[in-house]
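Note sheet for the following structure.
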Amino acid sequence: QVQLLESGGGLVQAGGSLRLSCAASGSIFSFNVMGWYRQAPGKERELVANIISGGITNYADSVKGRFTISRDNAKNTVYLQMNSLKPEDTAVYYCAAKSYSWQKGFDSWGQGTQVTVSS
């Protein structure tokens with residue numbers, strides 16, 4: 001129901017930073033949960049962070065203290081600020097939107113953006 005387009009990925013050295021953006025084709029106001037997931041080759045897709053309307057955030061233990069998720073409903077954009085990047089952060093990062101927190105799955109997914117962290 002909404003198109004999501006990630007951008008901001010790239011190649012960085014360990015310790016560097018990137019900011020990922022997820023631009024929606026329409027309003028994200030109706031989506032209670034916006035999230036970032038990532039998937040590395042040979043691994044299952046995992047939660048990186050999500051943000052609920054009202055500002056409540058949730059982070060994977062592996063990124064706590066390093067990554068920050070934020071949403072700007074007025075700009076229909078979700079961000080993921082990634083600092084102190086590690087090689088194990090290398091993955092394709094996906095943006096996702098969910099109408100209700102109790103849903104099993106997400107309503108929309110972006111196409112993904114590659115993040116590669118060199119040692």
Under 3.5 Å donor-acceptor pairs involving side-chain atoms of residues 5-18, not counting sequence neighbours:
from: Glu6; atom 1: OE1; to: Gln111; atom 2: N; distance (Å): 3.0
from: Glu6; atom 1: OE1; to: Gln111; atom 2: NE2; distance (Å): 3.3
from: Glu6; atom 1: OE1; to: Gly112; atom 2: N; distance (Å): 2.9
from: Glu6; atom 1: OE2; to: Cys95; atom 2: N; distance (Å): 2.7
from: Glu6; atom 1: OE2; to: Gly112; atom 2: N; distance (Å): 3.3
from: Ser17; atom 1: OG; to: Asn83; atom 2: OD1; distance (Å): 2.9

In a table with atom names and distances, give each donor-acceptor pair under 3.5 Å that connects a side chain of residues 38-60 to protein atoms at least two apart or in another chain.
from: Arg38; atom 1: NE; to: Glu46; atom 2: OE2; distance (Å): 2.8
from: Arg38; atom 1: NH1; to: Asp89; atom 2: OD1; distance (Å): 2.9
from: Arg38; atom 1: NH1; to: Tyr93; atom 2: OH; distance (Å): 2.9
from: Arg38; atom 1: NH2; to: Glu46; atom 2: OE2; distance (Å): 3.3
from: Arg38; atom 1: NH2; to: Ser62; atom 2: OG; distance (Å): 3.4
from: Gln39; atom 1: NE2; to: Lys43; atom 2: O; distance (Å): 3.1
from: Tyr59; atom 1: OH; to: Ile69; atom 2: N; distance (Å): 2.9

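Among pairs with a residue in residues 55-91, none fulfils disulfide bond (SG atoms under 2.5 Å apart), at least two apart in sequence or across chains. The ring-ring contact (aromatic ring centres under 6.0 Å, His included) analysis of residues 31-55, with sequence neighbours excluded, yields the pairs Tyr37-Phe106, Tyr37-Trp109. Screening residues 33-77 for disulfide bond (SG atoms under 2.5 Å apart), with sequence neighbours left out, gives no hits. Pairs of residues two or more places apart, or lying in two chains, never qualify as disulfide bond (SG atoms under 2.5 Å apart) while including a residue from residues 29-62.
When hydrophobic side chains of Ile, Leu, Val, Met, Phe, Trp and Tyr are connected at separations under 4.5 Å, Tyr100 ends up clustered with Trp102.
Not counting sequence neighbours, the partners of Ser99 by the side chain to side chain donor-acceptor pair (under 3.5 Å) test are Asp107. Every residue meeting the side chain to side chain donor-acceptor pair (under 3.5 Å) condition with Gln114, not counting sequence neighbours, appears here in chain and number order: Thr116. Looking at residues two or more places apart in sequence or on another chain, you find no ring pair (Phe, Tyr, Trp, His ring centres under 6.0 Å) involving Phe67. Scanning for ring pair (Phe, Tyr, Trp, His ring centres under 6.0 Å) contacts around Tyr79 gives an empty result, with sequence neighbours left out.
Met82 and Tyr94 end up in different hydrophobic clusters when Ile, Leu, Val, Met, Phe, Trp and Tyr side chains are linked at under 4.5 Å. Put simply, Val33 and Val78 are part of two different groups of oily side chains (I, L, V, M, F, W, Y) that touch within less than 4.5 Å, one to the next.
Using a distance-only test at 3.5 Å, with no hydrogens or angles considered, a donor-acceptor pair links the side chain of Asp72 to the main chain of Lys75.
Environment of CD in Glu88: crowded, with over 12 heavy atoms of neighbouring residues, nucleotides or ligands closer than 6.0 Å.
For the atom pair CZ (Arg71) and CD1 (Ile28), the distance works out to 4.5 Å, reported to the nearest 0.5 Å. Thr68 contributes atom OG1, which lies 11.5 Å from atom CZ of Arg19 (distance to the nearest 0.5 angstrom).
With a 4.5 Å cut-off on side-chain heavy atoms, Thr113 and Val92 do not count as touching. In this structure the side chain of Met34 never reaches within 4.5 angstrom of the side chain of Lys98, judged on heavy atoms.
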